[in-house]
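Worksheet: the structure to be examined is printed underneath.
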Amino acid sequence: MMLKTYPTSFLLPKRLKLVTAARRFDPDHRAKASTDTSTSPPSHSHARAHSQTITISSSVDAATLPPSSRSQHHHHNRQRQRQHAATPTPIAPQPPTLTTRSGKMSVAFFPLGYKEAAQQWWTSVSSRQAERDVLSLVPFLREADSDNSHLQDLTKADPFGQRVWRSSMVQLSGKNRALNELSIERVGEQVDDTLVMLHGYGAGLGFFYKNFEPLSRVPGWRVFALDMLGMGNSARPTFKIHAKDPQGKIEEAESWFIDALEEWRKVRNIEKFTLMGHSLGGYLAVSYALKYPGRLNKLILASPAGVPENPYAVNANLPEPDDSTLANEFTQDQESIVRRESVGDNKKFMGAKDKKAAAKTDTTTPPKRNMPSWFVWLWDANVSPFSIVRLTGPLGPRFTSGWTSRRFNHLPGDEKDVLHTYAYSLFRQKGSGEYVLPYLLAPGAYARSPVINRIQEVGRQLIKPATENSPAIRETGIPIVLMYGENDWMDVAGGFAAEEKIKQRVTKVLLHGTEEERTKENGSAKVVVVTKAGHHLYLDNPDEFNAFIRKELEETREHGQRQRASA
């Protein structure tokens, strides 16, 4: 089935049930509950609860210690256990650790404690301030309207020229429709090209903070990062789908976002631009290119969602998919990525000598993991993961820490804290664009309208229909870059399959097109794999990611200069 229809709001009793269910899935809560229900005397209960959590210090992972230090570490732990067992002093419970089959220990599911979570919930900063705190981590760039002398001095020391950023709320037509925008300009330079960056599902432009400075180094470029409508710090209108048929629902859901992007382009008076989208942003970037032809110079898809086809996700007569690699988004951490521990079947695929041949046999069977039935039900019922963050109130920061602790565990402490606060400030906001997910993707992130079935049409649409006085004008192809992390849970084989379909379309034009079509042909495709990176490749290995993107920007600028010179 394509999508069951469920309300996206809850009555109070259901809210309470969801909170209860959320606490039930919290390992720390389960550990505490088992301790509280014990029939032992209170003093022994406290001692036993502490002995369960003291096996590994909250700040040390024994699995990461060398063998000699590890044995000494366990010896001290055993001593502390005996001491606390003999001293029945009440001790605040620590986050429990999880034991794997290999015997190694991993960090807690939700490392932020109850007290700290409640304090953050009560004293949390605004989402606007959280975004500014993230932007303060960007070196050299200063706010355009800032008069701070130290920022002025910093700008003078910028080895790549003076650059400023502005944050704006761009109003669109209709009620409660506006896009949060960050623009970066090179002061005193002519702007020839524009890069627009779109984030992924439920995220925000702040997650690109490690890319803003390096990508703005290229002369002649202006950089925009946008929060998609209903996400980030953009306006959050009520999300409604009126179509009844499956294809109509998909088109309406896509248009909800890409129509806002097109209207923003008109407000900013941008003729053509390069569009880079990550994950869901990549999926929607393809939809934008197809619906609004003639507006893109290049399309960059960073770990795009919805590329491979899964028959269970696109056939209404079949049940919803019950397996996926989506779980890796919540379980894979940056440390494992740095150790280059591949997930799914990507490691096997990357080792294949003939990737094109492997892609042909692998695109309909992406790496999968079983999904529990309750997860499928919540997905089809349009209950977003951010609903739990909002409905659990003081526990919200704690549940958020389950994702941020893994995603940002490779960063310095101050950056990690700033990004956690920023993520929570976005996750807790009113639900809006997040409710698009089940309309575009089946459970497990398989597209209902797979990109692989339409990617070859990007850059081939009619720009101007034929009239009595002028012939029709059709696009002559655009360069498309598909980027994946080496340890991406997105199926990299789908990227190579898409590359092959695009190249076949280019070959068709070169062999059978008119002389004018062959001369103007501009289509191309390439797959780039970023090492030591997963799904969030722009943050996992920003140096390599930024170097690839800068190269693409420079090539686009050179192509544009040649076109302008020959015009």
Side-chain angles (χ1 to χ4, degrees), residues 3-30 109-110 112 114 117-118 120-122 124 127 130 176 199-204 207 227-241 249 253 256-257 279-280 305 320 324 326-327 329-331 371-407 420-445:
L3 180 68
K4 304 178 182 70
T5 302
Y6 293 91
T8 57
S9 60
F10 297 91
L11 297 176
L12 181 59
K14 292 186 178 181
R15 287 175 181 259
L16 296 177
K17 290 181 180 179
L18 186 56
V19 173
T20 304
R23 290 176 65 87
R24 209 170 280 157
F25 285 110
D26 183 345
D28 294 11
H29 176 71
R30 292 202 303 269
F109 274 159
F110 307 111
L112 191 66
Y114 291 104
Q120 186 178 110
W121 172 77
W122 182 257
S124 59
S127 59
N176 194 24
H199 59 79
Y201 174 72
F207 289 124
D227 282 341
M228 291 190 288
L229 185 64
M231 296 184 188
N233 279 327
S234 288
R236 293 184 172 236
T238 302
F239 182 84
K240 292 182 180 179
I241 296 296
K249 291 179 179 180
W256 201 81
F257 297 97
S279 195
L280 180 64
E320 299 281 38
S324 171
L326 181 63
E329 173 66 12
F330 305 98
T331 60
M371 293 184 295
S373 58
W374 60 263
F375 177 84
V376 177
W377 183 88
L378 289 176
W379 187 292
D380 281 340
N382 215 350
V383 178
S384 81
F386 310 114
S387 300
I388 297 177
V389 174
R390 290 190 292 268
L391 298 179
T392 52
L395 286 179
R398 179 172 170 78
F399 282 103
T400 302
S401 73
W403 181 77
T404 59
S405 63
R406 291 164 177 78
R407 175 44 36 210
H420 167 77
T421 301
Y422 175 64
Y424 173 61
S425 75
L426 300 184
F427 296 170
R428 71 181 299 186
Q429 292 189 48
K430 172 189 173 183
S432 178
E434 68 197 58
Y435 294 126
V436 72
L437 208 60
Y439 293 97
L440 299 182
L441 307 177

Could you tell me whether the side chain of [X] and the main chain of [Y] form a donor-acceptor pair under 3.5 Å?
{"X": "Tyr114", "Y": "Leu395", "result": "no"}
{"X": "Asn233", "Y": "Ser127", "result": "yes"}
{"X": "Arg390", "Y": "Gln429", "result": "yes"}

Original post:
To the nearest 0.5 Å, how far apart are CZ in Arg406 and OG in Ser401?
Top reply: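 Nearest 0.5 Å value for the CZ-OG distance: 8.5 Å.
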
Original post:
Roughly how far, to the nearest 0.5 Å, is the CZ atom of Phe399 from the CG atom of Leu391?
Top reply: 11.0 Å

Which pair of non-hydrogen atoms, one from [X] and one from [Y], has the smallest distance, and what is that distance?
{"X": "Gly396", "Y": "Tyr424", "answer": "C-CE1, 3.7 Å"}
{"X": "Gly393", "Y": "Trp121", "answer": "O-CD1, 3.3 Å"}
{"X": "Ala117", "Y": "Leu112", "answer": "CA-CD2, 3.8 Å"}
{"X": "Phe207", "Y": "Ala423", "answer": "CZ-CB, 4.1 Å"}

Original post:
Can you name the residues that form a ring-ring contact (aromatic ring centres under 6.0 Å, His included) with Trp256, not counting sequence neighbours?
Top reply: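 For Trp256 the ring-ring contact (aromatic ring centres under 6.0 Å, His included) partners, ignoring immediate neighbours, are Phe239.
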
**OP:** Apply ring-ring contact (aromatic ring centres under 6.0 Å, His included) to Phe257 and list each qualifying residue two or more places apart in sequence or on a separate chain.
**Re:**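 So Phe257 forms no ring-ring contact (aromatic ring centres under 6.0 Å, His included) with any residue.
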
With [X], which residues qualify under side chain to side chain donor-acceptor pair (under 3.5 Å), at least two apart?
{"X": "Gln120", "answer": "His420"}
{"X": "Asp227", "answer": "Asn180"}
{"X": "Ser432", "answer": "none"}

**OP:** Kindly state each residue pair satisfying salt bridge (charged side-chain N to carboxylate O under 4.0 Å, His left out) with at least one member in residues 421-431, sequence neighbours excluded.
**Re:** none

Original post:
Is any side-chain heavy atom of Leu229 closer than 4.5 Å to a side-chain heavy atom of Pro237?
Top reply: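 Leu229 vs Pro237: side chains touch.
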
**OP:** Report the C-alpha distance between Ser387 and Tyr435 in whole Å, list the side-chain angles of each, state the deciding distance to 0.1 Å, and finish with yes or no for side-chain contact (heavy atoms from CB on, under 4.5 Å).
**Re:** CA-CA 10 Å; Ser387 300; Tyr435 294 126; 4.1 Å; yes

**OP:** In sequence, state the C-alpha distance, the side-chain angles, and the governing distance for Trp403 and Phe427, and then conclude on side-chain contact (heavy atoms from CB on, under 4.5 Å).
**Re:** CA-CA 11 Å; Trp403 181 77; Phe427 296 170; 4.2 Å; yes

Subject >> side-chain contact (heavy atoms from CB on, under 4.5 Å) between Leu280 and Met231, intermediate numbers included >> reply: CA-CA 12 Å; Leu280 180 64; Met231 296 184 188; 4.1 Å; yes

